[in-house]
Structure formats: structure tokens, C-alpha cells
Novice: 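My structure is below; once you've seen it, I'll send some questions.
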Amino acid sequence: MVTHGSESYFVIGEGLLAESVGGRNGSENGAGPTIAAIASEAAPPFRFSRMGPSGAGKQLGEGARKRLGEAMARAGGGNSQIPAGFTYLGQFIDHDLTFDKTDVMLGTNVTPAQLLQARSPSLDLDSLYGAGPQDPGSAKFYEADGLHLRMGKTTGPTKNGFDLPRGAGNTVAKKRKAIIPDPRNDENLAVGQTHLAMIRFHNRVVDTQLGGVPDAQKFERAREIVTKHYQWMIRTDYLPRIARKAVVDNVFNNGRRVFEVNAAPTDVPTMPIEFSIAGFRLGHAMVRANYNWNKIFDNGGGTLDLLFTFSATGGNLGSDTRLASIWIADFRRLYDFGEANKPNLTVPASKFNRAMRIDTRIVDPLQHLPPQTVGLPNSTGFNDKRRNLAFRNLTRAKMVKLATGQQMQRFFKNKGVTIPRLTKQQIRDGKNGADLSGLTAAQREAVLKNTPLWFYVLREAELNGGRLSGVGAWTVAETFHRAMEGSTHSIVRDTTFAPSLGPNNTTFRMVDLLFFAFEGKKALLNPNG
Ligand code: HEM
């Protein structure tokens, strides 16, 4: 069973930090997490590292984590200006970064170097490509030509190319299962449709950009074009929306100051736990409880619960084996094509979806996650804390003794990066964020003194108009820079790259990607009218 997130963290230099929040390999009561450092002789799983210091002795007790998790999940928080599609683009990117390619590799001729690369963060879209069409474990993701990625069809009426490709086995469960490298991209419909858009993007590049390329090189050339445009879009469009632009520009223009600074560019990167367990979980704050999904599920009718239901990892496709056509996304409601001067592809403001502000609050449904998405039995009680995403995130931090916000601020400062330190009062009061009055005085004091990093970076964002700043912005920008640098195709290493699929040679945004992928056609970006 594939669930979200790592259940154990192999941290370079420390070994395997294993425990559970309850779930896949967890204790049933979820109480009293223990950390077992297990020396691993076998090939390590996904390669994590520690960017900052250890937070030993600074972790919150279970009671405080539970109360803080509840405070963060109390409904509220405002809208941001960020179009809601970027939430799920973020989730797609997270899965690309944390994808362990050995899950799909079947080859017997895998070299140790390939193995290392396969278990390392990169922005190579291996969650889309698997190990490539030539790998026996990944051939099923491709059409017979070994070039196009397969797409699926919806039902009632049948529409080709609007669902993920799904299985053809002889049981309902097999038929329903998406045939994509990373089943996490079928965890909710919004990330599933994002994955589908990326499949279309690749296929369109194959159809239009390979003139003159010898057959044997066609796939790799297409992948390179796709990957570099995708990285450009992340660098120039996604990152500045979620993090302070000055920090993103500083890191990409002047290089990293803190993380793997002396690594040779092509060395295999690692994934800092500060990013994976705190910084990049910022996306949980962006999730909405309701969407104006399309013309049929309008006015909030596209609830988060239904987006889970109409997927096969988080739900059961509404008991069907394929997606119903009425659930196909209206991308015009998720991304603002007005930014690309395409007024004919915009919807009235009242229909448009914006992400929730990046702050210390998550929406109510995320404290009652579908049990199967976190590997819990279906009988798990509705209010069980292990279903609360905030409690889970805080507990992961405790599990690996993650540095606190204050420790990370000091750490950056010692490396010459001046970041203002949040005061106790700022951490306590925030700005229309989580209210800490439900914690006991002792619990609150513990939170203010040794602030869990995830909470700290969200408070920073909340006080900065809903964009990561300080510790959060630096942690995220440096990790992205390193992951792009160490990717097989890399716009950090290839400084001559300029996008050719957008309006000019410096611009390639998510709306440009979608416009290209869906052939600029309203009927494809929104087939339900
Ligand atoms: C409906 C949307 C989402 C759901 C239901 C969801 C759920 C989860 C769950 C259950 C975990 C594992 C928790 C644990 O440690 O036990 C997780 C991990 C994580 N999530 Fe999300 N998430 C969502 C959206 C996002 C978004 C939008 C982002 C980022 C922009 C994000 C970033 C992460 C990261 C970085 C991790 C840890 C790394 C990993 O994937 O292993 N998530 N998420």
C-alpha cells in the first residue's frame, strides 16, 4: 500500500531514523514515539540529510503536539492571491523531488551510481517518466512507440486523454489503479489532473519539437526540453509566489550559502529533513476545503472530500474504475490565463479559485484525513489524532529530532545569512493565524521557546503577507537550487538555456505550460463547457 510521506528517514551520517505516527508500520496507539537508529548495511532508502543542527532535547511532548495540531486545524485563515492550481503543482513537485525511482526500476544491470541517483532528490520528472521507456519496469507508462506517455479515458461520455491511464487487470481494484510511476499523484483529483497535464505537455513536445532529431535520440531530447522548461517555470513562476522573491533571486543568482555548498554540481544531492518535514510542508496550509471545480461542481461543490473520492489512492473513483467526465478539471478556474494575456481563457472572479494563505492554519478536512492515505485501518475513529495532518507533521519532526525555528535562524546567521529572528510575541500572536490559547501555559511556553520548525516557517510567512521569508524562504530556495543543480537535465548547470515554448525567451510560466500542453484550446482546458 502506498501512502503519503516517508515512514522512516535514512539520514546521511546518522543511519535510519525509524518510527511511526501510527499507520503503515506503526504502533496502533500512536503514543510515545521511539527513535530507533538502525545501522543499514543494505542499500539505503531515500537519501535524507540534516542541513542544520540536531534538535535533541528541544522537542515538544505529545500533549503539546496534539493541542498545537488542533489549534492549527481549527477552521479559518484567509485567501491568498495565489491561484489554487499552484497548491497542487506544489504537491506534484514534492512527489517529483521525493520520488524513489527504485520503486519502478526492474533492470538487473543497474549500477551503484544509478542506484544512488534513483534514491536522491531531483527535479527530473522521474515521477512522470519512471526509469524511462527502455526500462522493463517502466515500459508500461509509454505508448508502443516508446515516445509518448500513455493517457487514460474518462467515462460517460468517454473522452480520451482526460484521465490518468488506468489498469486493465481482472479485478476492480486493478482496473482502477493508475498506471503512473508514483501513485501518490492519484491521491486527489487536483494532483491527478496536474499529472495528466504534464503527460500532455510531454506528448505535445514529442509531436511538435522533434523535427530532425534522429529516432534514437528522440525520447531523451523530448525529456530534456520538458524538464528544462519545467524547471524554468518552477524557478521563475512557482517559487516567487510561495517565497520572498529577493531570497529566491539571491540564491539562484549568487549561489547557495548553506546547503551542500562545496558539492560538485553533478554530485548526487541529498534531501534536507528541514525541507521535507517542515519547509516544504507549507503546501498543507494552501489547501482549500472547497473549490469551484468546474461548471457542474460549482460554488464550492468541488469539496476536498470529493477530490479525494474521485481519485484511486485517496478514494475509489466514486466506485467506478475510470474517472467520470463530469469531474474533468476546468484549468481556467485554477490558473489565471489573464496573466498571459488570454482574456478568452479567463473566468469571472467569482468562479476563480485561490489558494488559502500560507499561514499557521490548515483547513478542517486535513485533520480527518482519509485513513487509507496514511495507512490506517478504515475503522480508525474520525477524531483520531493520527488522522490530523498537523499532528503528523509535528510528530515527524520529533521523530528525527528536527532543529527548531530558533536553532535554524541561528544556524543561518552563523553562515552569514542575516535573518530576523521572530520574537516570542510574534510566535505567540502571529497575524490572524493559529490561536495558541488552547494550550496549557507550560505547553505554550515550550512552543514559544523551542518552536517546531514547520510552525515557525508558517508564522514567518503569515507575518510576511503569506509568502515564506527568513528561515523558510532560505531553506526552500537552497534545496530547490541544489535539486535542480544535481538533476540530469539542469537549468542551473546549463546557463545557456532559454525557454522556447512560451511567449518570449525569458518567459515560461505554468499558464504557458498549460497553454502549450492543451494546444491553446478552451475545449481541452475545460471540456465541460
Ligand atoms: C490535499 C492535499 C494534500 C494532502 C492530503 C497531503 C497529505 C500528506 C500526508 C498524509 C503526508 C505524510 C504525513 C506524515 O509524515 O505522516 C504528507 C507529506 C508531505 N507533504 Fe503533503 N499533502 C497535501 C498537499 C501537499 C502540498 C500542496 C505540498 C507542498 C506544496 C505538500 C508537501 C508535503 C511534503 C514535503 C511532505 C513530506 C515529504 C514526502 O512527500 O514524503 N503536500 N502530505
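Nothing fancy with the numbering, it's 1 onward along the sequence.
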Novice: I need the Leu125 CG to His202 NE2 distance, nearest 0.5 Å.
Specialist: 10.5 Å

Novice: Is there a donor-acceptor pair under 3.5 Å between the side chain of Glu478 and the backbone N or O of Val258?
Specialist: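 Checked: pair present.
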
Novice: When Tyr129 is tested against each of Phe141, Phe99, Phe219 for ring-ring contact (aromatic ring centres under 6.0 Å, His included), which residue passes?
Specialist: Phe219

Novice: Between the side chain of Gln217 and the main-chain N/O of Pro214, is any donor-acceptor distance below 3.5 Å?
Specialist: no

Novice: Looking at every heavy atom in both His368 and Arg387, which two are closest together, and how far apart are they?
Specialist: O-NH2, 3.4 Å

Novice: Of the options Tyr238, Phe86, Tyr88, Phe518, which is the one that meets Tyr335 in a ring-ring contact (aromatic ring centres under 6.0 Å, His included)?
Specialist: Phe86

Novice: So, for Phe480 and Phe280, is the gap between ring centers shorter than 6.0 Å?
Specialist: yes

Novice: Do any N or O atoms from the side chain of Thr194 and from the backbone of Ala190 form a donor-acceptor pair under 3.5 angstrom?
Specialist: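 Checking the backbone N and O of Ala190 against the side chain of Thr194, a donor-acceptor pair under 3.5 Å is found.
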
Novice: Under the 3.5 angstrom rule, does the side chain of Lys401 hit a backbone N or O of Lys398 as a donor-acceptor pair?
Specialist: no

Novice: Going through the checks in order, is the salt bridge (Lys or Arg N to Asp or Glu O under 4.0 Å) test met by Arg204 and Asp207?
Specialist: CA-CA 5 Å; Arg204 189 100 173 102; Asp207 289 341; 5.6 Å; no

Novice: Walk me through whether Asp124 and Lys228 qualify under salt bridge (Lys or Arg N to Asp or Glu O under 4.0 Å).
Specialist: CA-CA 9 Å; Asp124 276 345; Lys228 287 182 173 172; over 6 Å; no

Novice: Hey, what's the ring geometry for Trp474 with Phe412, parallel, tilted or perpendicular (30° and 60° as the breaks)?
Specialist: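 Plane angle between 30° and 60°, so tilted.
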
Novice: Cation-pi between Arg509 and Phe515: NZ/CZ under 6.0 Å from ring centre and within 45° of the ring axis?
Specialist: no

